[in-house]
Amino acid sequence: MNSLVNWSAIQELNARSLPGGTLSEKGANEMWSRVAKMYDFMAGLERQYTLNQVNAMKLDKEDSVIDIGCGVGRLTVPIAQRVGRVTALDVADKMLEICKVNVEKAGLDNVSYKKLDWNGVNPNTSIEKHHIAFASRSVGLKDIIKLNNTATKYAYLLSFTGYPSLRDVQMEMLTGIRGIKKREVNEEQSRMFGYNITFNLLYDLGIDPMVQVVEDGFERTYESKEEAYDDLRQVTVELGENADLTDEEENLFQQNVDEYITYIDGKYRFLRNTKTFVIGWKPITL
Ligand SMILES: C[S@@+](CC[C@H](N)C(=O)[O-])C[C@H]1O[C@@H](n2cnc3c(N)ncnc32)[C@H](O)[C@@H]1O
């Protein structure tokens with residue numbers, strides 16, 4: 001179908017500005033493996049809100065599901081609890097390793113793992129079809145046709161609608177430390193390059209997308225502020241080998257964290273709210 005606007009070109013330009021968007025298989029494995037532990041920690045803070053995303057997907061207990069760029073299994077685990085089986089696909093060894101641990105911790109035995117570079121997958125031949133194929137905050141967002149052709153019942157794309165993303169939440173705990181700056185967000189511009197692009201790409205392919213935007217967030221409740229700092233300090237792994245904070249850096253870290261802590265009923269709650277879009281569609285022949 002002819003398109004009024006060249007959404008593919010807009011998506012391409014936007015994707016180039018995303019981290020890891022143009023990495024080789026080896027480069028992607030290295031980069032994502034390095035941050036896997038951090039992702040696992042952040043996925044823990046997001047556990048409750050992640051269920052909003054799972055609830056937005058039509059899932060049956062007989063379904064087979066493929067999670068493209070599964071990461072540490074943030075969605076793999078709660079989805080595997082609701083369906084027949086899940087294939088967890090990722091390019092990064094460390095992500096898959098942690099995903100396996102999380103699946104086992106949840107007592108599940110219906111997940112299989114595939115270490116694969118999704119960019120190298122041929123859309124028509126080289127991947128087994130599943131009832132549901134989805135990509136959340138991952139490389140799968142880039143290639144709608146490949147995702148469409150991997151699903152027989154529904155395909156889904158999920159990501160943050162805008163600010164703050166997981167990376168913003170993580171980095172803003174470290175703002176001011178070793179040159180780390182808060183990302184400057186132009187709200188108008190980030191809305192211009194939002195899920196409207198995905199919606200329109202799907203629309204122009206002849207698909208009728210279902211769009212849901214769900215509440216998302218990173219939260220945990222602690223007995224004391226010290227307990228909160230000790231736990232949230234895990235984000236400092238981002239600083240590399242010499243991640244120990246000096247006294248001055250520790251003060252900055254605590255000030256940053258304090259902005260998002262509220263004292264309720266004798267407990268300290270860290271909360272950063274955000275929103276995630278879940279766009280689904282019935283696959284069509286493309
Ligand atoms: C931001 S994480 C998202 C993880 C998970 N889907 C979630 O929503 O929590 C992106 C994931 O995509 C994986 N990834 C990046 N490039 C990939 C590629 N070319 N093929 C397969 N997986 C890839 C990364 O290793 C990482 O686990």
Side-chain angles (χ1 to χ4, degrees), residues 15-57 65-80 86-103 106 111-123 126-127 130 132-144 146-147 150 155-161 164-171 195 198 214 216-218 235 238 274-280:
R16 272 190 226 154
S17 66
L18 299 176
T22 53
L23 287 175
S24 66
E25 179 172 356
K26 186 167 173 283
N29 182 7
E30 282 170 9
M31 188 201 110
W32 288 105
S33 286
R34 230 182 0 255
V35 294
K37 229 177 126 204
M38 149 77 56
Y39 264 84
D40 195 36
F41 174 65
M42 297 301 284
L45 297 182
E46 206 185 349
R47 188 159 296 133
Q48 207 49 39
Y49 282 101
T50 292
L51 297 180
N52 290 343
Q53 295 152 49
V54 179
N55 291 338
M57 298 164 82
V65 178
I66 183 161
D67 181 350
I68 292 145
C70 63
V72 298
R74 185 179 67 84
L75 285 153
T76 313
V77 170
I79 287 175
V86 179
T87 304
L89 179 152
D90 206 284
V91 75
D93 293 306
K94 190 74 190 165
M95 289 283 187
L96 285 170
E97 204 180 288
I98 297 179
C99 183
K100 239 179 240 184
V101 171
N102 289 334
V103 165
V111 177
S112 56
Y113 305 91
K114 225 176 188 36
K115 178 176 154 53
L116 204 63
D117 177 1
W118 181 248
N119 292 330
V121 168
N122 177 314
S126 58
I127 195 100
H130 289 64
I132 317 276
F134 77 92
S136 163
R137 307 172 188 167
S138 83
V139 67
L141 286 158
K142 271 200 325 194
D143 196 334
I144 288 173
K146 220 186 271 186
L147 194 71
T150 308
Y156 290 97
L157 290 168
L158 301 88
S159 198
F160 296 105
T161 56
S165 67
L166 177 150
R167 180 122 182 112
D168 293 320
V169 173
Q170 170 208 343
M171 295 313 274
Y195 61 89
T198 311
V214 298
D216 198 349
F218 298 81
V235 297
E238 186 69 25
T274 185
K275 285 190 284 185
T276 280
F277 69 80
V278 182
I279 300 186

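Numbers here simply count residues along the sequence, with the first being 1. Both counts, for ligands and for their atoms, begin at 1 and track the order of listing.
Those atoms of ligand 1 with a heavy atom of S138 less than 4.0 angstrom away are 12 (O). Listed by atom number, the atoms of ligand 1 under 4.0 Å from R137 heavy atoms are 1 (C), 2 (S), 3 (C), 8 (O), 10 (C). Each of the following atoms of ligand 1 lies closer than 4.0 Å to a heavy atom of A92: 25 (O). Listed by number with element, the atoms of ligand 1 under 4.0 angstrom from any heavy atom of W118 are 18 (C), 19 (N), 20 (N), 21 (C). Interface of R74 with ligand 1, defined as ligand atoms under 4.0 Å from a residue heavy atom, comprises 7 (C), 8 (O), 9 (O).
Under the 4.0 angstrom criterion for non-hydrogen atoms, L116 is in contact with ligand 1. Within the structure, the closest approach of A43 to ligand 1 does not fall below 4.0 Å when heavy atoms are considered.
Checked for salt-bridge contact, E30 and R34 miss the test: no charged N lies under 4.0 Å from a carboxylate O. Contact check on K94 versus E97 returns a salt bridge, with a Lys/Arg side-chain nitrogen under 4.0 Å from an Asp/Glu carboxylate oxygen. Salt-bridge formation is not detected for the pair D216/R74: no Lys NZ or Arg NE/NH1/NH2 atom is positioned less than 4.0 Å from an Asp or Glu carboxylate oxygen.
If you check each of D117, L158, V91 against atom 19 (N) of ligand 1, the one with the closest non-hydrogen atom is D117. Residue G69 holds the heavy atom nearest to atom 6 (N) of ligand 1 of all those in A36, C70, G69, G71. Here the shortest heavy-atom distance to atom 27 (O) of ligand 1, taken over L96, T50, D90, belongs to D90.
The N/O atoms of D67, backbone and side chain alike, include none that comes under 3.5 Å of an N/O atom in ligand 1.
Counting only distance, with no hydrogens or angles, the side chain of K146 and the backbone of W118 share a donor-acceptor pair below 3.5 Å. Side chain of N29 to main chain of D93: a donor-acceptor pair is present (N/O by atom type, distance under 3.5 Å, no hydrogens or angles). Not one N or O on the side chain of K275 forms a donor-acceptor pair closer than 3.5 Å with the backbone of V214.
To the nearest 0.5 angstrom, I127 atom CD1 is 4.5 Å from I66 atom CD1. Note: D67 CG to F134 CZ = 3.0 Å, rounded to the nearest 0.5 Å.
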